[in-house]
Amino acid sequence: MAKAVEKGVGDALRGIRDRLSTELTLLDALGEFAAAVELDAAIRILDERLEKGSPLEMPLPD
């Protein structure tokens, strides 16, 4: 069961990262560079967390 929960969290984080990547492309196209830089930082954080392994060990907001 823990594996299913872990997979669910990982899948959710990947989905969020993918959506943010889409939004980043749109911000770039609109010339919103300051916002794009901030969004890129968020995407990089998610990538790092996903690469480290178990999403259950990642601190999530309360």
Side-chain angles (χ1 to χ4, degrees):
M1 178 141 172
K3 281 287 188 188
V5 171
E6 182 176 328
K7 184 176 186 288
V9 171
D11 286 348
L13 289 177
R14 276 186 279 289
I16 292 166
R17 181 200 53 200
D18 293 347
R19 177 59 193 240
L20 292 176
S21 295
T22 300
E23 299 302 327
L24 176 62
T25 302
L26 294 172
L27 286 172
D28 280 340
L30 293 171
E32 291 292 338
F33 299 112
V37 167
E38 297 295 327
L39 197 52
D40 183 61
I43 292 166
R44 289 175 189 264
I45 290 168
L46 291 174
D47 282 338
E48 223 175 89
R49 289 187 180 179
L50 287 166
E51 287 175 9
K52 284 184 180 176
S54 175
L56 289 178
E57 296 172 5
M58 298 175 204
L60 296 175
D62 294 329

- Task: Heavy atoms only: give me the nearest L20-A42 pair and the separation to one decimal.
- Result: CD1-CB, 4.4 Å
- Task: To the nearest 0.5 angstrom, please state how far the CZ atom of R14 sits from the CG atom of D47.
- Result: 10.5 Å
- Query: Taking L39 as the fixed residue, which of L24, L26, D28, T25 is the one that meets the side-chain contact (heavy atoms from CB on, under 4.5 Å) rule?
  - Reply: L24
- Query: Can you tell me how far the CD1 atom of I16 sits from the CG atom of L46, to the nearest 0.5 Å?
  - Reply: 7.0 Å
- Task: Any chance you could measure D18, atom CG, to L13, atom CG, to the nearest 0.5 Å?
- Result: 11.0 Å
- Note on the structure: Rounded to the nearest 0.5 Å, the CD atom of E23 sits from the CD1 atom of I43 at a distance of 9.5 Å
- Item | side-chain hydrogen bond (donor to acceptor under 3.5 Å, both in side chains) pairs, two or more places apart, involving residues 30-46 | D40-R44
